[in-house]
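Structure, as structure tokens:
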Amino acid sequence: MFRAGSARLAALIALLIAGLGGAALLKGGLHVSQHEGDMLHLADIVLRLAAGDRLHREVTTPLGGLAFAPIVLFVKAGAGLGMAVLWAQLLAAVALAPALWWIGRSRLSPPLAGLLAVLVLVHVLALVHGEAEAALSISMHYNRWAWALTFVAAVAALVPPRAGRGHADGVIVGLAVAGLALIKVTYVLAFAPPVVLALWLTGQRRALAVAVATGLALVAGLTPWLGIGHWTGYVADLAAVAASEARPQPGLPLRDIVTAPLYLGGSLAALAVVVALRRAGVTTGGLLVLLFLPGFVYVTYQNYGNDPQWLPLLGLLVLAYLPQAADGEAASGLSHRAVLGGLAAILFAMAAPSVVNLAISPIRHLTTPAEEYTPVFPRSARHDDLLGVTERLARALAMRPLEIEAPGYPTEPVEPATFAGEVLPECALSGGMVATFAAIARDLEAAGQGGRPLFAADVLMPLWLFGDVGRLPGAAAWHYGGLPGYAAAELVLIPLCPVVPERRAEIVASIAARGTDELTELRRTPLYLLYAKDVTTR
């Protein structure tokens, strides 16, 4: 291996941050063209936290505080929500820059150090979650950030430095793994064990000790500020989601993540890498790659879209191990290095659609026609820098079953959801949730029900973002199960055309199980039923 040119690597990192981050900022706002529900979920949590609510206490979520803290920081500083997201991504990229520089110069050749910088910063600064659809979205930004930290920790653990005592490496790995814990625990469960084993097996035991000490020191330093209740609340939120039947996997079954046509090539290539490394004499490297594969599959299975973001990381690791490969021929007649190089090329080719989509999304954001977009919150002058496609925001669409008779095709009757003796219509909101939420909020205001804490029976319904509707302490921005915040509600709203009918059915069943005697009907409209809750029964 050759020492990466420190100045050139630093210049590349700075250029990537300025180019990708600057392209996003130049638009003057955040323009989103898909996943409006996830956008509202993020807005709900960030603005609650900026208003003083505390994560895992007044705000229920299985995500960690680092997923939101950088955005909240800029909102509190006076930025609108759209620009706060963009500045937060730039801040995250700048924070990772020293680690990228250090890992690159201490372990990788100049081309691979540059490739690592590109992969990590593209994930941090992208404006789409991945896959190959040419759209703009801030959905699941925390998954991109977590993958970026995973890339840093994995390369540091699997590729030992050429020299040094491991103090800086340990700090980087410790902060990266702690960052994963503070963003999304799924990544810690998947990657912390193989990272620990990799540090041990590659002889980086001083770095391992420093990493553990760094992680513990970070938790100890945050606890006086956040309080013990933050950590117990975090665990409680995670336990509630894990025990919930309302959230199955967000995509394909686990077996399909390995064997479905879209993923089988990657699975076979990864196994071939393990075999090829061991036959090339890179025994420890082959074992370590094998230890990481279950985590790669698990995180892909857990993330919406099931995008295998690990493919380019594995390709980079294969190239990093090339100098260790024996010079002899493999069974195919090719040299071991040729086989490994070919496998790396296959991995990069399979990863290209998603990586390219991530990389060009800030440029796409800059060039998108602004006249096609409308502020998500038009009543808020401060947050009018968050915009969505006008047609998607304003055009409410509903799906209802078509009652027909089809002789010869047996149908099973669907038991309709009921609440307080009311049969709820079979309807699902398939578009225009922003307009629908805004209409409900305005109607509540006009009916004199503004300002009262409200519980809504749907997967999400952040009505307080659209008007004078009371924020509900302890509510979940995205409903995973149970009745979070219900005890503090003064009003209960049952949407007649929810975003997710199955979730509405689960929620109303849970309310009914508690008893509906404390509820009094206040109002019914084509959009919702509204009940007052007797506060004396709390």
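Since the structure is predicted, the reported quantities are computational estimates derived from the model, not experimental observations.
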- Task: Would you indicate whether Arg442, at its atom CZ, is surrounded by more than 12 heavy atoms from other residues, nucleotides or ligands within a distance under 6.0 Å?
- Result: no

- Item | His123 side chain to Gln309 side chain, donor-acceptor N/O pair below 3.5 angstrom | yes

- Contacts of type side chain to side chain donor-acceptor pair (under 3.5 Å), residue Asp256, not counting sequence neighbours: none

- Do the side-chain N and O atoms of Asp44 and Trp464 include a donor-acceptor pair separated by under 3.5 angstrom? yes

- Query: Shortest non-hydrogen contact from Leu460 to Ala477?
  - Reply: CB-O, 3.4 Å

- Message: When you measure from the side chain of Thr60 to the backbone of Gly474, do you find a donor-acceptor pair of N or O atoms at a distance under 3.5 Å?
- Response: yes

- Message: Whether the side chain of Arg471 engages the backbone of Arg48 through a donor-acceptor N/O pair (distance < 3.5 Å, no angle test) should be reported.
- Response: no

- Message: If you count every heavy atom of other residues, nucleotides or ligands that lies below 6.0 Å from Trp478 atom CH2, does the total exceed 12?
- Response: yes

- Item | Under the side chain to side chain donor-acceptor pair (under 3.5 Å) test, residues paired with Tyr234 that sit two or more places apart | none

- Do you know the tightest heavy-atom contact between Ala67 and Tyr142? CB-CB, 3.9 Å

- Please answer whether the main-chain N or O of His56 pairs with a side-chain N or O of His230 as donor and acceptor at a distance below 3.5 Å. no

- Asp38: what forms a side chain to side chain donor-acceptor pair (under 3.5 Å) with it, not counting sequence neighbours? Ser139

- Is Glu371 atom CD crowded by more than 12 heavy atoms from other residues, nucleotides or ligands, each under 6.0 Å away? yes

- Task: Measure from the side-chain N and O atoms of Asp468 to the backbone N and O of Glu445, and report whether any donor-acceptor pair falls under 3.5 Å.
- Result: no

- Query: Taking the side chain from Ser361 and the backbone from Ala126, do they hold a donor-acceptor pair closer than 3.5 Å?
  - Reply: no

- Item | Glu422/Arg524 salt bridge by N-O under 4.0 Å criterion | yes

- Query: Looking at Val177 and Val188, what are the two nearest heavy atoms and their distance?
  - Reply: O-CG2, 3.9 Å

- His383 vs Phe377, ring-ring contact (aromatic ring centres under 6.0 Å, His included): CA-CA, chis, key distance, verdict: CA-CA 7 Å; His383 299 300; Phe377 306 117; 7.1 Å; no

- Message: Under a 3.5 Å cutoff, is there a donor and acceptor pairing between the side chains of His35 and Ser137?
- Response: yes

- Distance (rounded to the nearest 0.5 Å) between Ile494 CD1 and Phe455 CZ: 8.0 Å

- Quick one: salt bridge (charged side-chain N to carboxylate O under 4.0 Å, His left out) partners of Glu131, sequence neighbours excluded? none

- Under the side chain to side chain donor-acceptor pair (under 3.5 Å) test, which residues partner Asn357, sequence neighbours left out? Arg364

- Item | Check against side-chain hydrogen bond (donor to acceptor under 3.5 Å, both in side chains), Thr300 and Tyr263 | CA-CA 10 Å; Thr300 303; Tyr263 303 97; over 6 Å; no

- Item | Under 3.5 Å: donor-acceptor pair, side chain of Arg392, backbone of Gly432 | no

- Task: With Phe296 as reference, evaluate Tyr301, Tyr187, Phe151, Phe191 under the ring-ring contact (aromatic ring centres under 6.0 Å, His included) test and give the passing residue.
- Result: Phe191

- Item | Distance-minimising heavy-atom pair for Gly481 and Pro484 | O-CD, 3.5 Å

- Message: Tell me if a side-chain donor or acceptor on Arg54 pairs with a main-chain N or O of Leu226 at a distance below 3.5 Å.
- Response: no

- CE on Met433 to CG on Leu397, rounded to 0.5 Å: 11.0 Å

- Distance-only, no hydrogens or angles: does the Thr223 side chain make a donor-acceptor pair with backbone N or O of Val219 under 3.5 Å? yes

- Message: Going by the rule salt bridge (charged side-chain N to carboxylate O under 4.0 Å, His left out), which residues pair with Arg452 if we only count those two or more places apart in sequence or in a different chain?
- Response: Glu490

- Over all atoms of both residues, closest heavy-atom pair of Leu358 and Pro362: O-CD, 3.6 Å

- Is a donor on one side and an acceptor on the other found under 3.5 Å between the side chain of His365 and the backbone of Gly29? yes

- Query: Checking Ser354 side chain against Ala351 main chain: does a donor-acceptor pair fall under 3.5 Å?
  - Reply: no

- Heavy-atom nearest pair, Ser267 first then Ile257, reads OG-O, 4.2 Å

- Item | Note: Glu506-Arg503 ion pair, threshold 4.0 Å (strictly below) | yes

